[in-house]
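Below, each value reflects all heavy atoms present in this structure, side chains not excepted, and no hydrogens, waters or symmetry copies.
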Amino acid sequence: MTRHKLKEVAMRLFGEKGYEGTALSEIAKEVGVKTPAIYAFYENKEDLFMTVFREAMESYNTFIQELSEEQKELSAKESLYRLLSRQYEFYQQSREASLLVLRYVIFPPIFLKETIEEAFLDSDKLLTNAIEQLIVQGMEDGIIRDQSVQLLVDAFLNLMDGLSMQYFYYTSKEVYERKLNHAFEMYWNAARS
């Protein structure tokens with residue numbers, strides 16, 4: 001229970017205040033334990049941070065990969081669009097994890113940069129493979145024109161990244177969904193047969 005609560009509070013505080021702005025004593029106080037109690041679970045602040053960061057990345061990957069069951073019944077266009085809307089659902093349901101990952105992928109603490117990049121690249125491989133499979137299937141089904149799969153994957157990943165930023169810029173669901181729909185329409189028009 002304490003370990004879970006420590007991670008929960010750490011995720012929120014690291015996301016809100018940054019790595020440097022969050023003290024272990026602050027996390028401990030909010031959980032209702034003394035600072036030394038943290039060391040029963042984590043080696044140091046870096047260990048707690050990286051545990052929370054990796055778990056946030058894993059929760060995103062799991063959430064996105066749950067789409068694979070739905071994809072069996074959807075076209076490539078529907079599956080790609082669903083991937084974008086699923087990302088949006090994750091942001092809404094897991095705002096603290098989303099904020100933490102986005103903040104540290106873009107602005108990692110210098111001494112953690114390499115470790116964060118490794119964790120991100122592991123996640124990126126899973127996502128890239130899923131998108132590639134959808135695009136290849138769309139080409140095989142004749143709804144995506146024959147062109148560079150890598151080009152379409154990279155463009156889609158950039159679309160996802162851009163929409164990630166848009167989510168945190170706009171609090172209006174209607175504005176975000178309009179931007180998502182317009183961006184996807186432009187992508188699809190370039191990809192389709």
Check residues 112-121 and write down every donor-acceptor pair under 3.5 Å in which the side-chain atom is one partner and the other belongs to a residue at least two apart or another chain.
unit_1	atom_1	unit_2	atom_2	d
Lys113	NZ	Glu117	OE2	2.4

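Shown here for Glu132 and Val153, the closest heavy-atom pair between the two residues is CA-CG2, 3.8 Å. When every heavy atom of Leu152 is checked against every heavy atom of Tyr187, the shortest pair comes out as O-OH, 2.8 Å. Nearest heavy atoms, Gly15 versus Leu99: O-CD2, 3.8 Å. Here the shortest heavy-atom pairing between Lys7 and Val52 reads O-CG2, 3.8 Å.
Residues satisfying the side-chain contact (heavy atoms from CB on, under 4.5 Å) criterion with Ser59, sequence neighbours excluded, are Phe90, Ala97. In this structure, Glu96 has no side-chain hydrogen bond (donor to acceptor under 3.5 Å, both in side chains) partners at least two apart in sequence or on a different chain. Applying the side-chain contact (heavy atoms from CB on, under 4.5 Å) test to Phe107 and every residue at least two apart in sequence or in another chain returns nothing. Applying the side-chain contact (heavy atoms from CB on, under 4.5 Å) rule to Ala23 yields the partners Ser25, Glu26; only residues at least two apart in sequence or on another chain are considered.
Looking at Asp161 and Met165, their side chains never come closer than 4.5 Å, going by heavy atoms from C-beta outward. For the pair Glu8/Lys5, a side-chain contact is recorded, criterion being any heavy-atom separation below 4.5 Å from C-beta on. For the pair Leu127 and Tyr60, the minimum side-chain heavy-atom distance is below 4.5 Å. Leu159 has its side chain out of reach of Met186: every pair of non-hydrogen atoms, C-beta onward, lies at least 4.5 Å apart.
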Give the C-alpha distance, both sets of side-chain angles, the deciding distance and a yes or no for side chain to side chain contact (heavy atoms under 4.5 Å, CB included) between Met57 and Asp122.
CA-CA 9 Å; Met57 292 291 293; Asp122 289 343; over 6 Å; no
Do Phe41 and Asp47 pass the side chain to side chain contact (heavy atoms under 4.5 Å, CB included) test, and can you show the C-alpha distance, the side-chain angles, and the key distance before you say yes or no?
CA-CA 9 Å; Phe41 302 104; Asp47 182 35; over 6 Å; no
List the steps, then state whether side chain to side chain contact (heavy atoms under 4.5 Å, CB included) holds for Leu134 with Phe156.
CA-CA 11 Å; Leu134 293 174; Phe156 194 82; over 6 Å; no
List the steps and the verdict of side chain to side chain contact (heavy atoms under 4.5 Å, CB included) for Tyr39 and Leu24.
CA-CA 10 Å; Tyr39 296 105; Leu24 287 180; 3.4 Å; yes
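Cluster annotation: Met160 and Leu126 are assigned to distinct hydrophobic clusters (Ile/Leu/Val/Met/Phe/Trp/Tyr, side-chain heavy-atom contacts under 4.5 Å, transitive). Hydrophobic clustering (ILVMFWY, side-chain heavy atoms < 4.5 Å, transitive): Tyr169 and Phe184 are in one cluster. Leu84 and Leu102 fall within the same hydrophobic cluster, defined by Ile, Leu, Val, Met, Phe, Trp and Tyr side-chain heavy atoms under 4.5 Å apart, directly or through other members. Using a 4.5 Å cut-off between side-chain heavy atoms of Ile, Leu, Val, Met, Phe, Trp and Tyr, with links allowed through other members, Val101 and Phe63 fall into different hydrophobic clusters. When the side chains of ILVMFWY residues are joined at heavy-atom separations under 4.5 Å, either directly or via intervening members, Met50 and Ile106 end up in two distinct hydrophobic clusters.
Looking only at atom types and distance, the side chain of Arg82 has a donor-acceptor partner in the side chain of Ser85 under 3.5 Å away. If you check the side chains of Gln133 and Asn129, you find no donor sitting under 3.5 Å from an acceptor.
Between Phe49 and Tyr19, the two ring planes are perpendicular [angle over 60°; tilted spans 30° to 60°].
The CG atom of Asn181 lies 10.0 Å from the CZ atom of Arg178; values are rounded to the nearest 0.5 Å. Atom-to-atom distance recorded for Leu80:CG and Ile144:CD1 is 6.0 Å, nearest 0.5 angstrom. Atom CG of Leu157 is separated from atom CD1 of Ile131 by 4.0 Å, given to the nearest 0.5 angstrom. Here the CE atom belonging to Met11 is positioned 9.5 Å from the OG atom belonging to Ser98, to the nearest 0.5 angstrom. Note that the OH atom of Tyr167 and the CG atom of Leu180 stand 12.5 Å from one another [nearest 0.5 Å]. Taking OG1 of Thr128 as the start and CG of Asp154 as the end, the distance is 7.5 Å to the nearest 0.5 Å.
Enclosure of atom CD in Glu43 is not indicated, since only 12 or fewer non-hydrogen atoms of other residues, nucleotides or ligands lie within 6.0 angstrom. Other residues, nucleotides and ligands contribute only 12 or fewer heavy atoms inside 6.0 Å of the CG atom of Asp146. Within a 6.0 Å sphere centred on CZ of Phe111, heavy atoms belonging to other residues, nucleotides or ligands number more than 12.
A distance-only check finds no donor-acceptor pair linking the side chain of Asp141 to the backbone of Ile143 [under 3.5 Å]. The backbone N or O of Glu16 lies less than 3.5 Å from a partner atom in the side chain of Arg103, making a donor-acceptor pair. Remark: side-chain polar atoms of Lys45 are paired, donor with acceptor, to backbone N or O of Thr22 under 3.5 angstrom. Between the side chain of Gln147 and the backbone N or O of Ala191 there is at least one donor-acceptor pair closer than 3.5 Å.
Listed by first and then second residue, the salt bridge (charged side-chain N to carboxylate O under 4.0 Å, His left out) pairs that reach into residues 163-176 are Lys173-Glu177, sequence neighbours excluded.
The one candidate from Tyr91, Phe168, Tyr88 that meets the ring-ring contact (aromatic ring centres under 6.0 Å, His included) condition with Tyr176 is Tyr88.
Here the two rings, on Phe14 and Phe53, have centers that are 6.0 Å apart or farther.
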